[in-house]
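All ligand and atom numbering here is 1-based and tracks the order in the structure.
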Amino acid sequence: MESVKCGIFYKFATCVYLLKRITKVGKTRYIFVTGGVTSSLGKGITASSLGNLLQARGYRVTIQKLDPYININSGMLNPYEHGECYVTDDGHEADLDLGHYERFLNIRTSKNSNVTTGRIYQSVIAKERRGDYLGKTVQVVPHITNEIKRCIQQLSAGSEYDFIITEIGGTVGDIESLPYVESVRQMLWEKPDDCLCIHLTYVPYLASAKELKTKPTQHSVKELLELGVQPNILVLRTEHPLTKDLKRKVALFCNVSVDSVIEALDVPSIYEEPIKMQEEGLDCEVLKRFGMQLEPAADLSRWKMFVEKQKNATQPIRIGLVGKYVELPDAYKSIHEALIHASVYQDRSLELSLFQSEQITEANVMKKLEGLDGIVVAPGFGQRGVEGKMIAVKYARLNNIPFLGIGLGMQCAVIEFAKDVVGYFDANSTEMNDNAEHKIFDLMIEQKAKVRKEGTMRLGAYDCVLKEGSVAYSAYGTKKVNERHRHRFEFNNAYRANFEEAGMVFSGVNPESGLVEIVELPKLRWFVGTQFHPEFNSAVLNPHPLFMGFVAAAVKMGEEKK
Ligand code: GLN
């Protein structure tokens with residue numbers, strides 16, 4: 001009898017659990033993040049922080065960015081214009097905000113996570129040419145807006161996600177943002193119970209009046225309202241704390257509840273933002289709006305541990321980054337963040353100095369790079385600044401300073417070694433000199449047949465098998481890894497034996513093509529070059545093994561110097 005009762009109780013409990021699970025995960029909710037007043041307010045960080053909080057409650061979350069520019073992707077954008085070009089596993093050249101999404105949520109994004117106006121139009125025009133619109137006049141509304149909505153909703157096609165957060169690039173009021181805001185309006189209208197809009201604005205502080213001003217926020221919300229969108233939650237970026245009165249005023253003018261006016265006070269590290277947003281109740285406001293359970297709160301314990309470590313790490317670690325886009329720190333965003341992750345885990349405060357490679361010469365290299373605990377030579381394209389990169393590599397090699405070369409940085413390390421150690425004095429990459437006798441990096445035969453520049457790139461994630469006993473192997477602690485590429489030229493395997501004889505180890509190789517992915521000089525403290533971009537695979541809760549290894553060597557070097 002007892003066991004029958006038990007069985008019934010068990011079945012009942014299972015049904016309740018399943019029901020709960022179904023109501024919790026059965027449908028996808030859409031959260032739109034728009035921005036007003038000015039650009040660069042950190043919509044990406046707000047979206048990532050919210051994603052983080054919802055994920056820490058056990059929900060399945062993904063984030064995407066819709067970019068209102070006409071470029072098809074970020075591949076051909078100058079880093080000066082748009083910062084780093086981020087690459088997804090499936091080889092999409094994306095906006096750098098996707099890097100934040102991955103670092104905050106430890107997820108993998110894809111080409112569907114970043115859609116531009118160019119791609120929207122490309123797809124609509126292709127459909128028009130195919131005759132899909134059956135003779136109809138193709139217009140912004142409904143055809144472009146339908147395509148935008150399709151791009152948003154396709155992420156939930158397999159009901160994979162409980163929440164899709166869509167960041168709308170640009171600022172509300174821009175001409176080019178209009179079709180996106182219109183699509184948000186339509187979705188809010190079509191699925192009122194499953195959609196909400198968060199609007200991020202700026203509250204400036206007038207020093208002369210000693211006052212925070214809400215007028216720009218009011219205007220920005222008006223602008224949204226004129227387009228038919230009533231934001232549900234307002235996140236106000238500010239350099240000074242907001243008073244309850246100010247929040248009340250904003251709430252009254254903008255038709256939102258006071259609790260839905262969220263303060264986003266500047267914080268020393270972007271990684272504190274999820275904690276701040278939790279304190280402000282951003283995730284609770286979202287869940288309330290969807291009629292979802294508020295308890296238990298998001299478990300941020302691991303995240304908080306990282307932030308605590310970051311705050312307490314006072315001992316500096318001095319890393320130099322040699323590249324050609326140093327005037328704009330966003331150009332190397334992922335490298336910078338990956339170095340921060342690895343430094344924090346080793347209780348160090350990262351002191352990153354950026355060096356313009358064009359300005360490094362044989363005569364000044366020592367003065368510039370002396371005293372560093374580690375040197376990173378950055379990826380890049382084209383001849384400009386290559387000489388200086390090569391000089392920096394040589395300085396690291398001859399002075400046994402921990403070194404990490406990424407992409408072109410790795411290629412420079414190999415070419416420098418070729419010239420100075422192997423004895424190929426005119427060694428080069430075809431990219432820099434098509435007439436060099438020793439083209440150590442060259443296009444592969446199948447690439448040479450392609451004419452369009454974008455077609456010849458190796459993009460996205462590829463497997464790499466590691467050599468046992470190598471530095472890379474001990475850093476990763478595994479035999480096979482998967483890393484992301486974005487380059488055109490490859491190490492020419494015809495030279496491999498000569499390099500090996502001279503002491504270079506090819507510690508990572510693609511198992512299908514045999515292409516060289518990692519090189520190292522085992523006689524030195526830590527000298528590794530990767531053809532791929534390890535920086536794209538470093539997350540706050542999952543720091544990258546190679547960056548961890550590099551920083552550990554740099555820490556050791558710093559200790560030895562004392
Ligand atoms: N310009 C080099 C190539 O295309 C390296 C690119 C990079 O740094 N990822 O091969």
How about Leu398: does its CG atom have over 12 heavy atoms from other parts shown lying under 6.0 Å from it? yes

Using a 4.0 angstrom limit on heavy atoms, which residues are close to ligand 1? Pro379, Gly380, Phe381, Gly407, Leu408, Gln411, Glu431, Arg486, His487, Arg488, Phe489, His533

Name all residues meeting the side chain to side chain donor-acceptor pair (under 3.5 Å) criterion together with Ser183; count only those two or more places apart in sequence or in a different chain, and write none if there are none. none

Would you say Tyr271 and Glu337 are linked by a side-chain donor-acceptor pair, where the criterion is simply a distance under 3.5 Å? yes

Side-chain donor-acceptor pair present, Glu483, His544, cut-off under 3.5 Å: yes

Does the side chain of Asn114 come under 3.5 Å of the side chain of Tyr86 through a donor N or O and an acceptor N or O? no

Using only heavy-atom distances, determine whether the side chains of Tyr69 and Ser74 contain a donor-acceptor pair under 3.5 Å. yes

